[in-house]
Protein chains: 4
Amino acid sequence: MDDDGRDRPPVPTGRSERARTAALEAALALAVELPYPQVTMEAIAARAGVGKATLYRRWRHRGALLVDAVAHRNARAAVGDGRIPDTGDLQADLSAVLRAVVDELAVPAWDALLRALCVEALVDTAVGAQVLEEVFAPQITLFARRFAAARATGHIDGSVGDVEAFELFVAPLFHRWQLRTGALDHAYADAVVRRGCRALSP
Amino acid sequence: MDDDGRDRPPVPTGRSERARTAALEAALALAVELPYPQVTMEAIAARAGVGKATLYRRWRHRGALLVDAVAHRNARAAVGDGRIPDTGDLQADLSAVLRAVVDELAVPAWDALLRALCVEALVDTAVGAQVLEEVFAPQITLFARRFAAARATGHIDGSVGDVEAFELFVAPLFHRWQLRTGALDHAYADAVVRRGCRALSP
Amino acid sequence: MDDDGRDRPPVPTGRSERARTAALEAALALAVELPYPQVTMEAIAARAGVGKATLYRRWRHRGALLVDAVAHRNARAAVGDGRIPDTGDLQADLSAVLRAVVDELAVPAWDALLRALCVEALVDTAVGAQVLEEVFAPQITLFARRFAAARATGHIDGSVGDVEAFELFVAPLFHRWQLRTGALDHAYADAVVRRGCRALSP
Amino acid sequence: MDDDGRDRPPVPTGRSERARTAALEAALALAVELPYPQVTMEAIAARAGVGKATLYRRWRHRGALLVDAVAHRNARAAVGDGRIPDTGDLQADLSAVLRAVVDELAVPAWDALLRALCVEALVDTAVGAQVLEEVFAPQITLFARRFAAARATGHIDGSVGDVEAFELFVAPLFHRWQLRTGALDHAYADAVVRRGCRALSP
DNA sequence: TAATAAGCGAGACGGTACGTCACGTCTTGAA
DNA sequence: TTCAAGACGTGACGTACCGTCTCGCTTATTA
């Protein structure tokens, strides 16, 4: 699982590493501050002070570069700092998390990045798989841990899988975020959690 | 709500009507048979046998053209032929509908079209609103009618809004379709409906 | 003899004509003021205020463009104003002409253009043929007319062909100009003519 | 005359000597078998199995490398093996030599090399001087020796300089070779010699 | 003989130009 | 008058070379 459109050179030297970092950060910055069609490889290269060939040497697509850029960002500031609380009250814990997700999606920078990621994922199946693996899968894993605890204490139906439970809670937010079918606020997050917990109760 | 990127000439003559139809059908055909980045205005014009200026005279964006094209398609073959069944058994009715949705999404042509629509919606907020209004809103209305009946017979919690209920059922499918987090089949549709009905039960 | 790398569009419109002229004059200007490797299609397009695609639509090579540019220039200011004098004294007439050629080659602009033409002619046989036809052949024709008169009056050996006689006079200048084997001045022109006339005397 | 773009390291070790030879021969081979624009420093380095930095360490320009390569070639197989015959019959002797030149120019390899040299000489004055000094000057010297003998025996006009006499014979061939104004064969060589000798007769 | 530094091949780097394609506008010729 | 056809200026595409640089590795000397 290494030949998915990234990092051809196995040993990044000092100079290479500078170029790589500059490219990733330029991509992030441009994706945030420009309409996505203007986030071109040319613009990223110029902003990063890097040759276009260097970009294409490392990433086959703009999509691959963007996914790496977002992964790079997440490595620095993990969303929700990497753990779902477990106070014993599943509904309260999930409410806190989904409220945090709502808050994140309200940050224009993250909103723009995520929309860009979705565009690339929709356009190219391979990039879609990469997005799933590197951006969503970690989140699913986080939720899965909390669900396991809830199952152990009998708070949720043991027959529901992790991904299914994850989608029960996150998909409505994702849908509303992407299609803007309504206000995406704490109240909605709470309502989604309330209904989700009812759906999962044993 | 008239300057949203469509139909500037209000009275299409005979000749321009032919051009309009040809453009819409060319857009549909290309969106289905080519990767989306290759569905260019030039390609659509060429396929339709229409001048590029004619396209830009009627639609400002490729997105606006595509939305019209999908609306044009839906006008011919309405999804689920325009009504949600009401046998009195909400869960059975919704299962039938969501299974149909799953089947639709499995058709490559519709899958490709919907992905293209989502790309445009993600890239441009105005197109997003148009997609919502013309593609998703009709669906929500369909569901709303069935929900109203269910509320009247006391089968679901009266305090849950139509959009919220819609998202409870549709968002998981949408999420799984877009991100390919797992198999999108009848079993998943049934499970989503089962959990949704539990969540909505009074 | 029309498909030799120029003028694909048979009827140049008003806008096209402006683009064509601007391109030709930009090419001339750049070939004169820059080292030849910097006379790029990109630079010509920029200087002409013309799209690169427009250049490539009309000329396949930089060479083809340059040949047209020089022909365009020659159409305006014919070298030696289009006729070789005939005072009855062949040696004097040719001296005057070759001195004029020497003077022309001393003009940096024409020197640069001619070197550029030779580069293109050396690199690509097809361009070479075009250069011969459009730049040198007219000169040969001019000399041929004068040689015909000289043959008629018995001043030169009737068995020597026009091209051979032309080369007898012009080749030494060309050789010295290109390889800088010595001073290229009026004295040299006179000496070349003197020897050439001796060689051709009946 | 040492900083003209060649041999900066005065003491080539064994390893670097191998690199030098490999580079020169790769340059020759590529100049013969490819169109000249494809004879790039990269291609030469690759063919020679040599680092690009090694090329640039020894030669500043592709032109300097090419001139050295041709000189390297000439060192092995001297053109006309280094002497112009002196049978006492100047015209016959020169005919033999110019026929040999014509034959050389008919060899595609030498034709290609000489065109490449001329391109470099035309593009860069410094390279032009180098070409003159290393490729043409030795030829002029050869002719000069024969002219001196002819002058001593009163066969040619003593007032004509060596370079002028050289150009009288060689320039027409050069001109015809470069511009392809006509057939470049033994007959033409003979005619040029015949006329040249008449021009030079005392 | 072992370390040590110089020179090498390899090739990544920041650039620039290539030749192509699509953008959205504008002009022309035919219907 | 409207339309298809397509040229126009613009600018991004992905590639190839430029000339410089940084790597390890090989060599040839110096301790």
Side-chain angles (χ1 to χ4, degrees), chain A residues 8-9 11-20 22 37-46 48-58 60-62, chain B residues 9 12-16 18-19 22 37-46 48-57 59-62, chain C residues 8-9 11-20 22 37-46 48-58 60-62, chain D residues 9 12-16 18-19 22 37-46 48-57 59-62:
Chain A
R8 253 78 63 91
V11 181
T13 93
R15 199 151 54 120
S16 311
E17 191 49 33
R18 192 213 71 91
R20 181 186 144 85
Q38 295 177 33
V39 183
T40 64
M41 291 298 251
E42 201 125 5
I44 294 169
V50 142
K52 275 198 292 175
T54 300
L55 297 189
Y56 286 106
R57 206 175 289 125
R58 289 174 181 283
R60 276 205 264 276
H61 319 287
R62 184 179 58 164
Chain B
T13 84
R15 194 143 61 119
S16 59
R18 191 213 68 92
Q38 296 178 30
V39 183
T40 65
M41 291 296 253
E42 301 231 6
I44 294 168
V50 143
K52 281 198 292 173
T54 302
L55 295 188
Y56 284 106
R57 197 174 304 121
W59 300 279
R60 273 210 266 277
H61 318 288
R62 185 179 56 164
Chain C
R8 251 80 61 90
V11 180
T13 91
R15 200 151 54 121
S16 310
E17 191 49 33
R18 192 213 69 95
R20 180 185 144 85
Q38 295 178 31
V39 183
T40 65
M41 290 299 251
E42 201 125 7
I44 295 169
V50 142
K52 275 197 294 176
T54 299
L55 297 188
Y56 286 106
R57 205 175 290 126
R58 289 175 182 283
R60 276 205 264 278
H61 319 288
R62 184 178 59 163
Chain D
T13 84
R15 197 146 58 117
S16 60
R18 192 213 69 93
Q38 295 177 31
V39 183
T40 65
M41 291 297 252
E42 301 232 4
I44 295 168
V50 143
K52 279 199 291 174
T54 302
L55 296 188
Y56 285 105
R57 199 175 301 122
W59 300 279
R60 274 209 264 278
H61 318 288
R62 184 179 58 165

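Letters A, B, ... are given to chains in the order of the sequence lines, protein chains preceding strands, and every chain is numbered from 1.
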Checklist entry - How close do A:A48 and A:R18 get, heavy atom to heavy atom, and via which atoms? => result O-NH2, 4.0 Å

Item to check | D:A43: side chain to side chain contact (heavy atoms under 4.5 Å, CB included) partners, not counting sequence neighbours | outcome: D:L30, D:T40

Next on the checklist: Quick check: closest heavy atoms across D:G51 and D:A45, and the distance to 0.1 Å?
Outcome noted: C-CB, 4.3 Å

Item to check | Atom pair distance, as rounded to whole Å: CZ in A:R58 and C1' in F:dT15 | outcome: 18 Å

Item to check | Gap between atoms CD1 and C1', on A:I44 and E:dG14 respectively (whole Å) | outcome: 16 Å

Next on the checklist: Below the 4.0 Å mark, does F:dG19 have OP1 or OP2 next to a side-chain nitrogen or oxygen of D:R57?
Outcome noted: no

Checklist entry - Closest nucleotide of DNA chain E for D:A48 versus for A:G51: which of these residues is on the 5' side? => result D:A48

Checklist entry - Can you find a pair of side-chain heavy atoms, one from C:R20 and one from C:V50, that are under 4.5 Å apart? => result no

Please enumerate all protein N or O atoms sitting under 3.5 Å from an N or O of nucleotides 17-20 of chain E, with distances to 0.1 Å.
residue	atom	partner	partner atom	Å
E:dC18	OP1	C:M41	N	2.8
E:dC18	OP2	C:M41	N	3.4
E:dC18	OP2	C:E42	N	2.7
E:dG19	OP2	C:Y56	OH	2.2
E:dG19	O5'	C:Y56	OH	3.4
E:dG19	N7	C:K52	NZ	3.1
E:dG19	O6	C:K52	NZ	2.7

Checklist entry - Are C:R18 and F:dG9 close enough that a side-chain N or O sits under 4.0 Å from OP1 or OP2? => result yes

Checklist entry - Any side-chain N or O of B:T54 under 4.0 Å from OP1/OP2 of F:dT2? => result no

Checklist entry - Of the non-hydrogen atoms in B:R62 and B:M41, which two are nearest, and what is the gap between them? => result CA-SD, 3.9 Å

Item to check | Distance, rounded to the nearest Å, where C:L55 contributes CG and F:dA7 contributes C1' | outcome: 13 Å

Checklist entry - If you take all heavy atoms of B:T54 and B:A19, which pair is closest and at what distance? => result CG2-CB, 4.1 Å

